[in-house]
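Presented below is the structure to which this report refers.
Scope of the values below: all heavy atoms of this structure, side chains included, with no hydrogens, waters or symmetry mates. Below, chain A is the first sequence line, B the second, and so on; all start at residue 1.
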Amino acid sequence: MPELPDVEGFRRVAARAAGGRVRRVEVLDAGVLNGVTADRFRRGVRGRVLGTPRRHGKWLAVPLRTDGRRHRADEPVVAFHFGMTGGLQWCAGGEPRHRFDRVVLATDRGELRFRDMRKLQGIRLLSGDDELDALFAELGPDAAGVARPELGELLHGSRAAVKSRLMDQTVVAGLGNLTVDETLWRARVHPSARSDELSDAAVGGVHQAMRTVLRQSSRAGYVPGRPSWLTGHRDDTRAACPRCGTRLRRTRVAGRTSVWCPNCQQR
DNA sequence: TTGCATGTTCCGGA
DNA sequence: GTCCGGAACATGCA
C-alpha cells in the first residue's frame with residue numbers, strides 16, 4: 001500500500017512510540033535489513049530512545065538518542081522504506097505477532113513492529129544526520145509541500161509521460177501509482193501526456209489536485225476508495241467514471257496499470 | 001496455474 | 001552520452 005499518505009499514517013504510529021527507550025530488538029527476518037547486519041542493527045538500536053519521526057516522500061526516519069532530551073546529529077537514525085507491502089504497527093497490549101512481522105522494537109510502553117510481506121526495501125541504520133541528509137538529497141521535494149512554480153519547472157524539464165515523471169521519486173517524492181492516477185484524473189490530464197507540453201493551466205490543475213488528494217488521503221492514512229474518487233473503482237474492470245459516467249480505461253503507462261477516463265482525460 | 005500487486009532498480013534501445 | 005520505457009526483482013494472493 002504505501003505511498004505518501006500511508007507513510008504519513010506510519011509517521012503517526014511511530015510518533016506514539018517516541019520517547020520510549022528500546023529495551024529489546026527482535027530481528028525476526030534479517031532480509032528486511034538493508035546495508036546492516038542483524039547484529040549491528042541490534043547493537044545500534046538497543047538502549048536508545050526513539051525520537052520524533054520525520055517523513056520525506058515514502059521514507060520515514062526515526063532519530064535515536066542515548067542521553068539528553070534531543071537527538072544529536074552524530075547519533076544514529078533508523079530509516080524505514082515500506083516497499084509495496086510494508087507497514088508499521090504500535091502494539092501496547094501484547095497483541096499476537098503477525099506472520100509478516102520482521103523487526104520489533106520493544107520499549108517499556110509497547111512495541112513498534114515493522115511488518116512486510118515482500119521485503120523489497122526495508123530498514124536502514126544510518127550513522128547520523130549526514131547520512132540521512134544524503135539519503136533525502138537523492139529525492140525530489142516532498143509532494144505534499146512542493147510549490148506550484150517548482151512543480152512546473154520539474155514537469156517541464158522532461159519529455160517523459162507526465163505519469164512517469166510524477167512517479168519518479170528523484171523528481172517529486174511521495175507519489176505512487178494510486179495517487180498519481182487520482183491526481184491526473186482530478187486534473188483531467190491524460191497519463192501519457194508529455195510532461196514538457198503541459199500548459200500552465202494544466203500544471204496548476206495537477207498541483208491543486210495533488211495537494212487535495214494528498215491532504216485528504218494523509219488524514220485517513222491511505223488513499224480512500226470513496227465513491228466520488230477514482231481509486232475506489234480501480235479493481236472493477238467495468239467501472240464508470242464517477243464524474244461523467246464514461247467507462248474507465250485500464251492501460252499500462254510507465255510500466256504500471258493505469259486507470260483513467262477517456263472522456264475527461266483527453267490528450 | 002497464471003497473472004497481478006499501491007515499491008525501486010537496472011538494462012537496452014532510441 | 002542522455003533519456004525513457006519496460007523488464008526484473010521476491011513473495012503471496014485472487
Side-chain angles (χ1 to χ4, degrees), chain A residues 1-11 28-35 55-60 79-88 98-103 114-124 135-140 142-144 154-186 190-198 210 213-214 216-226 229-239 248 250-260:
Chain A
M1 354 158 205
E3 300 184 25
L4 186 153
D6 309 85
V7 181
E8 186 58 24
F10 302 149
R11 188 191 60 76
L28 303 167
D29 188 331
V32 299
L33 297 180
N34 186 337
R55 184 193 58 73
H56 187 93
K58 298 169 186 171
W59 283 92
L60 183 69
F80 295 91
H81 194 290
F82 301 93
M84 279 205 283
T85 55
L88 218 46
H98 187 277
R99 62 190 280 226
F100 297 138
D101 284 342
R102 309 297 191 187
V103 170
F114 178 79
R115 179 176 299 179
D116 194 10
M117 182 179 83
R118 279 166 68 189
K119 304 186 279 182
L120 284 178
Q121 279 275 325
I123 303 174
R124 297 172 64 162
L135 177 67
F136 284 1
E138 294 169 13
L139 305 170
D142 188 79
L154 292 166
L155 289 175
H156 286 152
S158 158
R159 294 177 301 181
V162 61
K163 169 151 184 176
S164 72
R165 190 74 175 153
L166 287 170
M167 298 254 297
D168 185 340
Q169 302 298 299
T170 68
V171 175
V172 199
L175 299 175
N177 202 26
L178 294 191
T179 42
V180 167
D181 277 5
E182 190 70 49
T183 293
L184 293 176
W185 173 75
R186 270 187 187 244
H190 193 289
S192 298
R194 265 178 58 165
S195 194
D196 61 341
E197 290 178 350
L198 293 178
M210 183 178 81
V213 167
L214 292 178
Q216 298 193 23
S217 303
S218 292
R219 198 175 301 153
Y222 56 92
V223 188
R226 295 181 198 146
W229 285 44
L230 178 73
T231 302
H233 309 281
R234 296 187 69 88
D235 298 334
D236 177 2
T237 53
R238 295 209 278 220
L248 293 172
R250 303 163 62 86
T251 58
R252 284 188 90 75
V253 179
R256 311 211 72 91
T257 299
S258 305
V259 181
W260 50 283

Which residues pass the ring-ring contact (aromatic ring centres under 6.0 Å, His included) test with A:Phe10, not counting sequence neighbours?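 Partners of A:Phe10 by the ring-ring contact (aromatic ring centres under 6.0 Å, His included) criterion, ordered by chain and then number, come out as A:Phe82.
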Who pairs with A:Phe100 by ring-ring contact (aromatic ring centres under 6.0 Å, His included), at least two apart in sequence or on another chain?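 ring-ring contact (aromatic ring centres under 6.0 Å, His included) check on A:Phe100 returns A:His98.
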Can you tell me how far [atom1] in [N] sits from the matching atom in [M], rounded to whole Å?
N      : M      : atom1 : result
C:dA10 : B:dC11 : P     : 14 Å
C:dG6  : B:dC4  : P     : 15 Å
B:dG3  : C:dA7  : P     : 14 Å

Ring-face cation of A:Arg234 near A:Trp229 (centre distance under 6.0 Å, axis angle within 45°):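 Ring-cation test returns no.
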Could you tell me the separation between the [atom1] atom of [X] and the [atom2] atom of [N], rounded to a whole number of Å?
X        : N      : atom1 : atom2 : answer
A:Leu214 : B:dT6  : CG    : P     : 17 Å
A:Trp229 : B:dT6  : CH2   : P     : 17 Å
A:Arg234 : B:dT6  : CZ    : P     : 6 Å
A:Asn177 : B:dA5  : CG    : C1'   : 10 Å
A:Arg159 : C:dC3  : CZ    : P     : 9 Å
A:Asp236 : C:dA14 : CG    : C1'   : 15 Å
A:Asp116 : B:dG7  : CG    : P     : 13 Å
A:Arg124 : B:dG7  : CZ    : P     : 19 Å

Can you find a side chain N or O atom of A:Thr257 that sits less than 4.0 Å from OP1 or OP2 on B:dA5?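 It does, given that an N or O in the side chain of A:Thr257 lies less than 4.0 Å from OP1 or OP2 of B:dA5.
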Between A:Thr231 and B:dT6, is there a contact of a side-chain N or O with OP1 or OP2 at under 4.0 Å?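 Answer no for this pair, as no side-chain N or O of A:Thr231 is under 4.0 Å from OP1 or OP2.
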Does [X] come within less than 4.0 Å of [Y], counting only side-chain N to carboxylate O?
X        : Y        : answer
A:Arg165 : A:Asp196 : no
A:Asp6   : A:Lys58  : no
A:Arg238 : A:Asp236 : no

Pairing stems for DNA chain C [at least three consecutive pairs; Watson-Crick or G-U; under 3.5 angstrom]: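 Consecutive-pair runs (3 or more) involving DNA chain C: B:2-5 with C:11-14, B:7-14 with C:2-9.
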Would you state whether a donor and an acceptor, one from the side chain of A:Arg256 and one from the base of B:dG7, lie under 3.5 Å apart?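 Check passes, donor-acceptor contact within cut-off.
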Hey, which of these two, A:Asp6 or A:Glu138, hits DNA chain B nearer its 5' end, going by closest nucleotide?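 Taking each residue's closest nucleotide, the earlier one in sequence belongs to A:Asp6.
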Out of [options], whichever nucleotide has its closest atom nearest the side chain of [X]:
X        : options              : value
A:Lys58  : C:dG12, C:dC4, B:dT8 : B:dT8
A:Met84  : C:dC4, B:dG7, C:dT11 : B:dG7
A:Arg252 : B:dA5, C:dG12, C:dC4 : B:dA5

Any donor and acceptor pair, going by atom type alone, linking the side chain of [X] with main-chain N or O of [Y] inside 3.5 Å?
X        : Y        : result
A:Thr231 : A:Gly225 : no
A:Gln169 : A:Gly57  : no
A:Asn177 : A:Thr257 : yes
A:Arg99  : A:Met117 : no

Near DNA chain C, counting only heavy atoms under 4.0 Å, which residues of residues 160-174 of chain A show up?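 Output list: A:Ala160, A:Ala161, A:Ser164.
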Can you see which heavy atom on A:Glu182 is nearest to which on A:Leu230, and at what distance?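 Taking A:Glu182 first and A:Leu230 second, the nearest heavy atoms are OE2-N, 2.9 Å.
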List the steps and the verdict of side chain to side chain donor-acceptor pair (under 3.5 Å) for A:Arg252 and A:Ser258. CA-CA 6 Å; A:Arg252 284 188 90 75; A:Ser258 305; over 6 Å; no
Holding to side-chain contact (heavy atoms from CB on, under 4.5 Å), I want the full list of residues that pass it with A:Ala193, two or more places apart in sequence or in another chain.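 For A:Ala193 the side-chain contact (heavy atoms from CB on, under 4.5 Å) partners, ignoring immediate neighbours, are A:Val162, A:Val189, A:His190, A:Leu198.
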Between the protein and nucleotides 11-14 of chain B, list every N/O to N/O distance that falls short of 3.5 Å.
none

A:Gly255 vs A:Arg99, nearer the 5' end of DNA chain C by closest nucleotide: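 It is A:Gly255 whose nearest nucleotide is closer to the 5' end.
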Between A:Phe100 and A:Gly157, which has a closest nucleotide on DNA chain C that is more 5'?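 Looking at the nearest nucleotide for each, A:Gly157 comes out on the 5' side.
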